[in-house]
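Read through the structure below, which is laid out as structure tokens, and then see the notes.
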There are 2 protein chains.
Amino acid sequence: MKLSESEENYIKSIYNLQIKTEKVNTNSLAVFLNTSPASITDMLKKLKSKKLLEYKKYYGFRLNEAGNTEALKIIRRHRLWEFFLVAKLGMEWDKVHDIAEELEHVSSPELINRLDAYLGKPKTDPHGDPIPDERGKVVLLKQKPLKDLAMKQNAIVSSVSSQGHEIMEMLNHYGIGIGSQIKVLKSFEFDGSLQIKIARKPECIISGMAAQNIYVYDN
Amino acid sequence: MKLSESEENYIKSIYNLQIKTEKVNTNSLAVFLNTSPASITDMLKKLKSKKLLEYKKYYGFRLNEAGNTEALKIIRRHRLWEFFLVAKLGMEWDKVHDIAEELEHVSSPELINRLDAYLGKPKTDPHGDPIPDERGKVVLLKQKPLKDLAMKQNAIVSSVSSQGHEIMEMLNHYGIGIGSQIKVLKSFEFDGSLQIKIARKPECIISGMAAQNIYVYDN
DNA sequence: AAATAAATTTAGACAAATCTAAAAATAATT
DNA sequence: AATTATTTTTAGATTTGTCTAAATTTATTT
């Protein structure tokens, strides 16, 4: 199926939101895509007519099987390019997202499969998110947001919800990266902020906002 | 300057046609871009308003300094990606054009300069065309179409005008590639076809059409 | 359950890039 | 030089993706 860049962005965003939050609605998708709710409705109709989405007016929407397959293809491309940019071109892991966002729309299957082989068929991208294989299979990791991690429980930072640079800049500042060993020392109910300890770093406090967007493997 | 994909394609095409043929006109550009003359006129106005083109109604058009600079950036990206696809991903040199056509529109300078370094700052792409450097400098090679090569003169195949797969398929069949040693044995005035000899291959005859689109270094 | 608030959709407009068909300008030919 | 042919441009329409503002539907409160 040939999709426009815009259609691809919507599909990918819906997929990503469906994973991290149960219910996706028009407004949250509009905020996520930095566009108006009216535009979302327009595109939902279009994706429905292309049979990629189940959608009932005012009721809700959800990618169907075909939509999921398309999403996984796009995500595979995105994550392979991110891996390439870090592993081969030596870019910083917190700066590759925007470039991958453009590269992901080049859809030649031969290109992507050769790239995959060239990179050694990596399992995860530099943010710790799994890379779907050629047939769309993803290893589902039991990640959870840091805010849901039990107190004093050791865990490994697995990924960061990839909306924008700002959070990554901050994490870099604290010395937090994918694979960092992390532990929550104290939780402040007032604003959801957490006192945390990263291995080999001083203790520090991060906001509730940050704690929602950092994901960990809880072993 | 931020340019749309379409604007980039027009600029690149104008640049390429200006190199290979003296006068570029509305109709030939329309044929080259597989679009209508009316669309060409529309875009010429737009590029003029962006000060990338000198253009007078009915009179003609030509990239100005700024337009040339933009063209060279796009061509640099295109050729670096072609090199990457062949050298790193092992793709066939006659199949990389279309994919590079898409990759070239990803315009992050950091990406392109890192890619350049990663590839070892190559001088030419797999078709033998020179890759502009970061500042837009191109090594101008004294290429000529095979049809203009003197009889029995040894030369090296340097490039192939890159419009489409068809010609490349044929060249592959004859065993002609970039770097092949080539000599014209006989020229048939009737239809411009040439009897040629490629080093370590049997003699063969190619059409006048082909002889116009194969370029050689004439030492 | 009525009133108010929030979320979603429609209606109508706009910009970009394209098209066809007709008009205008330039070039070629008799 | 008058006519014909070619090239180029205009006029007006279309598609895609977006917008704002208004209308509609659903959810929440009082």
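By convention in this document, chain letters (A, B, ...) are assigned in the order of the sequence lines, proteins followed by strands, and residues within each chain are numbered from 1.
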Across the strands shown, which category fits A:F61 at heavy-atom distances under 4.0 angstrom: base, sugar-phosphate, nothing? nothing

Under 3.5 Å side-chain donor-acceptor pair for A:E101 and A:H97: yes

OP1 or OP2 of D:dT16 versus the side-chain N and O atoms of A:S4: is any pair under 4.0 Å? no

Tell me whether the OP1 or OP2 atom of D:dT16 has a side-chain N or O from A:S6 closer than 4.0 Å. no

Apply salt bridge (charged side-chain N to carboxylate O under 4.0 Å, His left out) to A:K121 and list each qualifying residue two or more places apart in sequence or on a separate chain. A:D116

Not counting sequence neighbours, list each pair that qualifies as a salt bridge (charged side-chain N to carboxylate O under 4.0 Å, His left out) and has a residue in residues 60-70 of chain A. A:E70-A:K73

Judged by atom type as modelled, is there a donor-acceptor pair below 3.5 Å linking the side chain of B:S158 to the main-chain atoms of B:Y215? yes

Using atom CG of A:L44 as one end and atom C1' of D:dT18 as the other, report the distance to the nearest whole Å. 14 Å

Which nucleotide in the set D:dT8, D:dC19, C:dC19 lies at the smallest distance from any side-chain heavy atom of B:D42? C:dC19

Is the closest side-chain heavy-atom distance between B:L53 and B:I14 below 4.5 Å? yes

For the side chain of B:N27, counting heavy atoms from C-beta on, which of D:dT18, D:dT7, D:dA21 is nearest? D:dT7

Please determine whether a side-chain nitrogen or oxygen atom of B:Y10 lies at a distance below 4.0 Å from atom OP1 or OP2 of C:dA16. no

A:K57 atom NZ is separated from C:dT10 atom C1', nearest whole Å, by 8 Å

When you measure from the side-chain N and O atoms of A:K45 to the phosphate of C:dT10, is any distance below 4.0 Å, counting only OP1 and OP2? yes

Applying a 4.0 Å non-hydrogen cut-off, can you work out what B:T26 is touching in the nucleic acid: base, sugar-phosphate, or nothing? sugar-phosphate

Can you tell me the distance, in whole Å, between the CG atom of B:L47 and the P atom of C:dT18? 11 Å

What is the separation between atom OH on B:Y58 and atom P on C:dA24, rounded to the nearest whole Å? 9 Å

Calculate the interatomic distance between B:L3 atom CG and C:dA16 atom C1'; express it in whole Å. 14 Å

d(CD, A:E7; C1', D:dT15) in whole Å: 12 Å

Report the distance from atom NZ of A:K2 to atom P of D:dT16, rounded to the nearest whole Å. 12 Å

Grab the NZ-P distance between B:K48 and D:dT9 for me, whole Å please. 11 Å

Please confirm whether the shortest side-chain N or O distance from A:S36 to OP1 or OP2 of D:dC19 is below 4.0 Å. yes

Please tell me which of the listed nucleotides, C:dA11, C:dC19, C:dT8, lies nearest to the side chain of A:N25? C:dT8

Taking C:dC19, C:dT10, D:dT18 as options, the one with an atom nearest any side-chain atom of A:T41 is C:dT10

I want to confirm an ordering. Mapping A:E5 and A:Y59 to their closest nucleotides on DNA chain D, which one lands closer to the 5' end? A:E5

